[in-house]
Amino acid sequence: MTTTPALTTAPATPRRDLQDAPFLVAARGGRPAHLPVWFMRQAGRSLPEYRELRVDTGMLQACDTPELISEITMQPVRRHGVDAAILFSDIVVPLHAAGVGVDIVRGTGPVVAKPIRTLDDVEKMPRLLPTALRPVTDAIALLLAQLGQTPLIGFAGAPFTLASYLVEGGPSKNHERTKALMRAEPAVWHGLMSALTEITVTFLQAQVDAGVDAIQLFDSWAGALSEADYRRYALPYSARVLGSFEDSGVPRIHFGVGTGELLGAMAEAGADVVGVDWRVPLDEAARRVERAVGGPRAVQGNLDPAVLFADRASIEAEVRRIAAEGRAAGGGHVFNLGHGVLPETDPDVLTWLVELVHELPG
Ligand code: CP3
């Protein structure tokens, strides 16, 4: 009798015991001695050492090279002393690994060679085999050997945000083809979202098995939807993704931009930590979340990344306001920006910001 070969690339790595790491304490709703902080897009163009490494290497090529993934992930940890590392990768990496024709164009973002708009397109979408994620899982192994007590965050794009890139063929301001498709062709939409859910679970499972300490689901463009549409066309799939990791032992962060009206629904999808952009104060965000799920959840955020271009006194005032709102929220607070670090940000301001946040109680 033949046995089916294991689908994972390697046996699950035992997770490091980092129970006291401030980031993980806060993510579970506790109060660490100091307020933990990391930045979305902390690895990237704001760092000269990143720009140097990427001179001759395309984005997806970098994401396919374990040594580069590991080195780029470590750069902001060494430079800023942040409380968590986030794996250097991209939301389109699992699509690329599955064989969907996609590239990341500098200054534009993900561009899809053949947009997916028909049932035939959906049926022909390749599936993601965990073995195709070897560069990612190998990079995680390299990182766990270097990170010491610093937790590592794995991530994926949520099905809706990935679907928008696939249907539009690239970045979109209004998501008009996506919104038309979900209404006019529900079978195509739900088929596409189911396929993306499976790819996303596979991508996150590989990272969890390789030993990441937390996961973040980026639904960056969910804020383009009304709450009713979000609940109907996106939430069930994000809930399936997040529900797959309920018993994984790693906290699940759920983040979107412009999602003030969706915070309750996004928490209902199954998050331990709700990421908040700068448009809603953290204490108000926490109230919306608590009302929706009937108990407190940790919040993450929410300094406007553009504020980092102001003078230090103005930045400090914003940091202290946000820390106070995070404490008032009462369910754990991970300090972060409300969206990614902007490429022109002065990295010395980020280092100073980490020192400032660390002076504040968790
Ligand atoms: O430090 C980190 O946060 C980890 C790395 C990370 C990247 N992309 C690296 C990256 C993460 C978490 C992402 C997620 C991602 N990618 C999202 C969700 C988060 C968000 O910003 O809302 C989205 C929507 C994408 C798609 C994407 N990839 C865009 C819009 C871009 C920018 C295109 C550009 O050149 O302006 C990318 C490319 C990308 N992903 C870069 C980095 C560091 C820049 C590539 C470069 O340096 O040339």
Side-chain angles (χ1 to χ4, degrees), residues 37-64 68-80 82-96 102-112 136 139-140 143 150 152-166 168-173 175 178 200 203-204 207 212 214-224 238 253-259 275-278 300-302 305 334 336-345 347 350:
V37 53
W38 69 279
F39 306 118
M40 292 182 277
R41 290 278 171 91
Q42 61 193 16
R45 280 175 297 194
S46 66
L47 301 184
E49 59 269 34
Y50 169 83
R51 295 195 297 267
E52 197 178 310
L53 271 187
R54 285 282 323 283
V55 167
D56 298 318
T57 310
M59 178 65 190
L60 285 176
Q61 196 187 338
C63 294
D64 277 340
L68 274 179
I69 299 173
S70 156
E71 173 56 24
I72 294 172
T73 302
M74 289 304 296
Q75 285 177 345
V77 178
R78 288 190 206 112
R79 185 192 260 261
H80 303 310
V82 281
D83 292 275
I86 180 160
L87 183 75
F88 177 77
S89 189
D90 195 83
I91 59 168
V92 298
V93 161
L95 302 176
H96 164 69
V102 58
D103 198 7
I104 297 180
V105 179
R106 192 173 290 255
T108 300
V111 175
V112 178
V136 173
I140 293 171
L143 281 161
T150 306
L152 176 62
I153 303 170
F155 74 91
F160 173 75
T161 289
L162 291 176
S164 168
Y165 283 112
L166 287 176
E168 304 291 338
S172 167
K173 189 156 167 272
H175 310 274
T178 311
T200 303
F203 186 44
L204 288 171
Q207 296 174 63
V212 300
I215 50 174
Q216 176 155 329
L217 190 65
F218 283 94
D219 209 351
S220 300
W221 311 140
S238 293
I253 310 169
H254 195 187
F255 168 77
V257 183
T259 45
V276 184
D277 80 2
W278 60 91
Q300 175 175 281
N302 69 344
V334 175
N336 205 314
L337 305 179
H339 199 181
V341 172
L342 297 167
E344 307 298 325
T345 307
L350 292 171

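Whatever order the structure lists them in is the order used to number ligands and atoms, beginning at 1. Bear in mind the structure is a predicted one, so any value in this text is a computation, not a measurement.
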Is the closest heavy atom of [X] to ligand 1 under 4.0 Å?
{"X": "Arg51", "result": "no"}
{"X": "Tyr165", "result": "yes"}
{"X": "Gly340", "result": "no"}
{"X": "Gly157", "result": "no"}

Spacing of [atom1] belonging to [X] relative to [atom2] belonging to [Y], to within rounding of 0.5 Å:
{"X": "Ser220", "Y": "Asp277", "atom1": "OG", "atom2": "CG", "value": "10.5 Å"}
{"X": "Ile215", "Y": "Ile153", "atom1": "CD1", "atom2": "CD1", "value": "11.0 Å"}
{"X": "Asp219", "Y": "Leu162", "atom1": "CG", "atom2": "CG", "value": "8.5 Å"}

Give me the residue, atom name and distance of the protein heavy atom closest to [atom].
{"atom": "atom 7 (C) of ligand 1", "answer": "Ser89 O, 3.2 Å"}
{"atom": "atom 14 (C) of ligand 1", "answer": "Ile91 CG2, 3.7 Å"}
{"atom": "atom 42 (C) of ligand 1", "answer": "Met59 CE, 3.7 Å"}
{"atom": "atom 21 (O) of ligand 1", "answer": "His339 NE2, 3.1 Å"}
{"atom": "atom 28 (N) of ligand 1", "answer": "Asp90 OD1, 2.7 Å"}
{"atom": "atom 35 (O) of ligand 1", "answer": "Gly107 N, 2.7 Å"}
{"atom": "atom 47 (O) of ligand 1", "answer": "Tyr50 OH, 2.7 Å"}
{"atom": "atom 3 (O) of ligand 1", "answer": "Arg41 N, 2.5 Å"}

[X], portion touching ligand 1 at heavy-atom distance under 4.0 Å:
{"X": "Met40", "value": "backbone"}
{"X": "Pro343", "value": "neither"}
{"X": "Leu87", "value": "backbone"}

Side-chain donor/acceptor of Glu168 to backbone N/O of Thr178, under 3.5 Å: yes
Taking only heavy atoms of [X] into account, list the atoms of ligand 1 that are under 4.0 Å away from them.
{"X": "Pro110", "result": "26 (C), 27 (C), 29 (C)"}
{"X": "Ala43", "result": "1 (O), 43 (C)"}
{"X": "Trp221", "result": "24 (C)"}
{"X": "Phe218", "result": "12 (C), 18 (C), 19 (C)"}
{"X": "Arg106", "result": "35 (O), 48 (O)"}
{"X": "Ser220", "result": "18 (C), 19 (C), 20 (C), 22 (O), 24 (C)"}
{"X": "Arg54", "result": "45 (C), 46 (C), 47 (O), 48 (O)"}

Take Met74 and Thr150 through the side chain to side chain contact (heavy atoms under 4.5 Å, CB included) test and state the conclusion after the steps. CA-CA 10 Å; Met74 289 304 296; Thr150 306; over 6 Å; no
Among Asp83, Leu337, Val334, side-chain contact (heavy atoms from CB on, under 4.5 Å) partner for Trp38: Val334
Run the side chain to side chain contact (heavy atoms under 4.5 Å, CB included) check on Met40 and Ile86 step by step: do they pass? CA-CA 8 Å; Met40 292 182 277; Ile86 180 160; 6.0 Å; no
Apply side chain to side chain contact (heavy atoms under 4.5 Å, CB included) to Gln42 and Leu350, showing your working. CA-CA 9 Å; Gln42 61 193 16; Leu350 292 171; over 6 Å; no
Should Phe155 and Ile91 be marked as a side chain to side chain contact (heavy atoms under 4.5 Å, CB included) after you check the CA-CA gap, both sets of side-chain angles, and the distance that decides it? CA-CA 8 Å; Phe155 74 91; Ile91 59 168; 4.0 Å; yes
Hey, can you tell me if Phe160 and His175 have their rings parallel, tilted or perpendicular (30° and 60° cut-offs)? tilted
Could you tell me how the ring of Phe255 sits relative to the ring of His339: parallel (under 30°), tilted (30 to 60°) or perpendicular (over 60°)? tilted
Taking the basic N atoms (NZ, or NE/NH1/NH2) and the acidic carboxylate oxygens, is any pair closer than 4.0 Å for Glu71 and Arg78? yes
Are side-chain N/O atoms of Asp90 and His96 paired as donor and acceptor at under 3.5 Å? no
